[in-house]
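Beneath this line is the structure, given in structure tokens, with notes to follow.
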Amino acid sequence: MTQKERQERSRKEIFQAALEEFGTRGYDNVTMDSICSRHGISKGMMYHYYSNKDELFLLCVQDTFQALKAQIERDAAELSGQSSFDSIKNYLLIREYFFQLHPKRKLIFENAMLRPPKQLTGQIRALHAPLKEMNRQFMGRVVSHMSLREGLDREKVIRYLESMESHFWSLVSQYQQEKSCCDIRSMLAAAEELLDMTLFGILRQPDEAESRP
């Protein structure tokens, strides 16, 4: 084995250990020492390649964003021709399926997007930019086929859908709290109910006669 191959193997070993730790315990509960002690990595080797846990966390975040983006790009091609409602629902489902296949990456993603370390906010935003742009382009294509309510324009709706996208499955989880069954079917049913209320509202607009005193 060449020196370059040994270095690559060492980097990969440390990365996999960091992914396991951040994906199981979260950013705040991980230290460089804990990664070393729990995975049999010498401190000398660790600090030869990485200077601190922020560097490792950003590496895990970047890898998660890239893997998720690749998954969405592959699967979103199959959404062509669907209704706006189904396109948005299934687009959101792609992300959830990705995290079901890679559960440790879900905590890393949520840590980065919902509870980012303050000192890493700007770097995480830059790493997320390609994924955000892909989401924006998709939402733009869907919105272009929607019949929007009077007073709304395309840009407002795209911003609204973008802001909803990162939090949608957390909302689904909260929405399901009253239900005892949380399997994939109940999750899908809850997602459809929530998306229906998100897109079409919950209040019936009064007609002119009803609005008169």
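Throughout, residue positions are numbered sequentially from 1 according to the sequence presented.
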Which atom of [X] lies closest to which atom of [Y], heavy atoms considered:
| X | Y | value |
| --- | --- | --- |
| V143 | R154 | CG1-CG, 3.7 Å |
| A112 | I124 | O-CG2, 3.7 Å |
| L152 | K156 | CD2-CD, 4.5 Å |
| L107 | G26 | CD2-N, 3.5 Å |

ring-ring contact (aromatic ring centres under 6.0 Å, His included) contacts in which one or both residues fall within residues 140-161, not counting sequence neighbours: none
So, taking the atom named [atom1] in [X] and the one named [atom2] in [Y], what distance separates them when rounded to the nearest 0.5 Å?
| X | Y | atom1 | atom2 | result |
| --- | --- | --- | --- | --- |
| R115 | E110 | CZ | CD | 6.0 Å |
| R149 | L199 | CZ | CG | 12.0 Å |
| T198 | F168 | OG1 | CZ | 6.0 Å |
| K132 | Q137 | NZ | CD | 13.0 Å |
| Y49 | F15 | OH | CZ | 16.0 Å |

Name the atoms and distances for all side-chain donor-acceptor pairs under 3.5 Å in residues 57-68, with sequence neighbours left out.
unit_1 : atom_1 : unit_2 : atom_2 : d
D63    : OD2    : R105   : NH1    : 2.9
D63    : OD2    : R105   : NH2    : 2.6
T64    : OG1    : C60    : O      : 2.9
T64    : OG1    : R105   : NH1    : 3.1

Beyond-backbone contact of Y27 with P116, side-chain heavy atoms, under 4.5 angstrom: no
Beyond-backbone contact of Y47 with M32, side-chain heavy atoms, under 4.5 angstrom: yes
[X]: salt bridge (charged side-chain N to carboxylate O under 4.0 Å, His left out) partners, not counting sequence neighbours:
| X | value |
| --- | --- |
| E13 | none |
| K53 | none |
| E8 | none |

Check ion pair R136-E162 (N to O, under 4.0 angstrom): yes
L101 reachable from L93 in the ILVMFWY side-chain graph, under 4.5 Å edges: no
Cluster overlap L92 with M197, hydrophobic side-chain contacts below 4.5 Å: yes
Restricting to side chain to side chain donor-acceptor pair (under 3.5 Å), what partner residues turn up for [X], sequence neighbours left out?
| X | value |
| --- | --- |
| N90 | Q82 |
| Y91 | N135 |
| Q7 | none |

Can you give each donor-acceptor pair under 3.5 Å made by side-chain atoms of residues 72-81, sequence neighbours left out, with the distance rounded to 0.1 Å?
unit_1 : atom_1 : unit_2 : atom_2 : d
E73    : OE2    : K69    : NZ     : 2.6
R74    : NH2    : Q71    : OE1    : 3.1
D75    : OD2    : Q71    : NE2    : 2.8

Residue of the set H48, R9, M45 for which side chain to side chain contact (heavy atoms under 4.5 Å, CB included) holds with I14: M45
Residues in side-chain contact (heavy atoms from CB on, under 4.5 Å) contact with H39, at least two apart in sequence or another chain: A17, E20, E21, I41
Any residue meeting side-chain contact (heavy atoms from CB on, under 4.5 Å) with S83, in chain and number order, not counting sequence neighbours: F85, D86
Any donor-acceptor N/O pair, S10 side chain to R6 backbone, under 3.5 Å: yes
Polar side-chain atom of E192 near backbone of A189 as donor-acceptor pair, under 3.5 Å: no
Residue list, ring-ring contact (aromatic ring centres under 6.0 Å, His included) with F99, at least two apart or on another chain: F109
side-chain contact (heavy atoms from CB on, under 4.5 Å) between T31 and R25, worked out: CA-CA 10 Å; T31 65; R25 305 172 67 203; over 6 Å; no
